[in-house]
2 protein chains.
Amino acid sequence: MLARHPDRFRVAVLTARRSAEELRRQETEFSPRRVVLADPDGAAPGAEIPGTWETGRDALLSAAEDPEVDVVVNALVGFAGLEPTLRALAAGKRVALANKESLVAGGSLVRQAMEEGGGELVPVDSEHSAILQCMNGAPRSVVERLVLTASGGPFRGWPASRLQSVGPEAALSHPTWDMGAKISIDSASLANKALEVIEAHVLYRMPFDRIGTVVHPQSIVHSFVEFVDGSVMAQLGFPTMEIPILYALSWPDRIADPELRTFDPVRSSPLTFEEIDHEAFPLFGVGVAAGRSGGVAPAVFNAANEVAVQAFLGGRLDFPGLARVAEFTLERLAGSTAESVEDLVAVDTEARGVAAGRIERGVSPSVPGGES
Amino acid sequence: MLARHPDRFRVAVLTARRSAEELRRQETEFSPRRVVLADPDGAAPGAEIPGTWETGRDALLSAAEDPEVDVVVNALVGFAGLEPTLRALAAGKRVALANKESLVAGGSLVRQAMEEGGGELVPVDSEHSAILQCMNGAPRSVVERLVLTASGGPFRGWPASRLQSVGPEAALSHPTWDMGAKISIDSASLANKALEVIEAHVLYRMPFDRIGTVVHPQSIVHSFVEFVDGSVMAQLGFPTMEIPILYALSWPDRIADPELRTFDPVRSSPLTFEEIDHEAFPLFGVGVAAGRSGGVAPAVFNAANEVAVQAFLGGRLDFPGLARVAEFTLERLAGSTAESVEDLVAVDTEARGVAAGRIERGVSPSVPGGES
């Protein structure tokens, strides 16, 4: 998409975690001044790593505050995205944020970095981009309620009993969005939607009881904002991340892109909406409750969930276990606090350890939380 | 609704055409300084008309420019609404416009009055209110397309053949909106939607090929705006005119009204969209073509349609005749022009005469336009 707008954007820095080959391809396409591979040891065996590239986590963090960069697109996966976000905001940059874990785990730190450094945060998540577009500068006092839409994932409509035995492959086949493994599992478990509710709370400073969620299997309406006068705004479009990415870069302006103009209400019909099935998807409620608890609970939820998702992908945890691991870890770390990013990293590490230990000991489906 | 916001609005002037009893009731409720009954001769026999009331069309026009009034809500029916709109705009007032015929017939005069007098026009029509909310101050350069929604009226899905014999009663029973007789018939014939397309063209200065229409039977989505970056905004709500009326009064702000907050996506599900059936509803195409022709054609279309609707309501014209009368009248007056409101009134009068004559002579279904 950026290649279609060379008059508006120049790629100054390119980074990747391990995907050396894709990074190489993009380097050829965009000719950035600087290329960073954060985790060269994790790259595919035999992958070529040019001597001009910088490598390692410190190089990644330095890239986030590169003085020639105006906009940092943070699409890192998981808690690892927090520090680059903090660095970029502290350096006064716009962060186009696709890493919701930053906000969920480190909401107050992120707000603090933004206020101190003068940076700004623009969401790339389709739901939060929709909310930004629906609010469009309106004061929070006229906003009654945010309603996030959820595709419902591949197991929408399944009873809880049938979800006992689903494996990673079924969970990875998302009906409407083409995404990475972590977010696909989060979407199947609705953990993703809980993270997004917390993200909306942090981004728009809305109380949790004024953030609703509705299942919308077609993923055409990306979210609603209800105003105090009964009017409701929605942002729609066929499910492509290119629209919210472009908007995060151009906001508050819009940049013409004929290739993205593919919406057709007749072709999108019907648009349906249904309630979340909390019995089948308890992880959603666990996550939102963590958000309501505040403090480090969202970070603990996120850490436990990241560990649980990896275990599920590796066949070491069943699907209902995702919720049980998160609940168990939240209970264990209920008294923890964090004042700094270092504290938060420590809490994150501890939560991962608790979650991993729980998974290793095996999660008993019959006595949830019983053998701790 | 106004009664719920005594801190924000005071009713200074009340007007009605003939409904003396309702006017009396509202006078008691709102204690206005001035009350005008425009057509006392048309009031119900024996209706009480207090001596404190002003009567007649001149009083109505004078009320539209009353110096103590900030906002004129113009909900007159038909072409008769044009002059009050022009007077109010010339006097620098906000006109909350529910009289789309003003704009359709006198678009350029309305724009001129607005520019000269400093008045502003805020639509009350739910579709145009939706567009205003979706655009929300965005420059026209980032707007790709407006898409108006249409309920489709009571005959949605009916084949053209079945529409030959429908009478006024069937046409008056609108599925989603509770409205007056004229607009109900216009909604059944889709003339209303053609008028709204022209209204959108005038209000938002959008070319006709960038104004689409889609049938949406639930009347929950009130219209869409597609932007140049592929993003689509929509405004939604349960079908009540109170939301767009309140917005027209409060724009660009919003006023809290808990009674209007009734939207529920699950209860609204499913939302469906379909194409207009041009064969069954030819009047829509006739009206939009009149809009494209420009000049006095929209005024002629509107006049012919007003006469045809009255004939249909009176049992003197069949349903397909609505389109034939409009088409015939447009052909007859194809060469007319108008430079002033007086010219336009003359064109309107002539068009009404042509349409009425055509109806009196009988409209032959087999040879449309043939016996002229």
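Because only heavy atoms are used, hydrogens play no part in the values below, and waters and symmetry mates are left out as well, while side chains stay in. The sequence lines fix the lettering, A, B, ..., with proteins before strands; numbering per chain opens at 1.
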Just wondering, do S269(B) and E274(A) contact through their side chains at under 4.5 Å, heavy atoms?
no
Heavy atom to heavy atom, less than 4.5 Å: which residues from residues 197-231 of chain B reach chain A?
V214(B), F224(B), E226(B), F227(B), V228(B), D229(B), G230(B), S231(B)
Between L260(A), D253(A), T240(A), which residue shows the highest count of heavy-atom pairs closer than 4.5 Å to chain B?
L260(A)
Relative to chain A, which segment of E144(B) carries a heavy atom at a distance below 4.5 Å: side chain, backbone, both, or neither?
side chain
More than 12 heavy atoms of other groups within 6.0 Å of E279(A) CD:
no
One should read off an interatomic distance between M233(A) CE and M233(B) CE, to the nearest 0.5 angstrom, of 4.5 Å
With chain A, which of P270(B), P252(B), A234(B) has the greatest number of heavy-atom pairs at distances under 4.5 Å?
A234(B)
Taken to the nearest 0.5 Å, the spacing of L271(B) CG from F273(A) CZ works out to 5.0 Å
Answer yes or no: are there more than 12 heavy-atom neighbours, outside R4(B) itself, under 6.0 Å from its atom CZ?
yes
Between V142(A), I255(A), V147(A), which has the largest tally of heavy atom pairs under 4.5 Å with chain B?
I255(A)
Toward chain A, the part of L236(B) with a non-hydrogen atom under 4.5 Å:
both
Which bit of R267(B) comes within less than 4.5 Å of chain A, counting heavy atoms only: side chain, backbone, both or neither?
neither
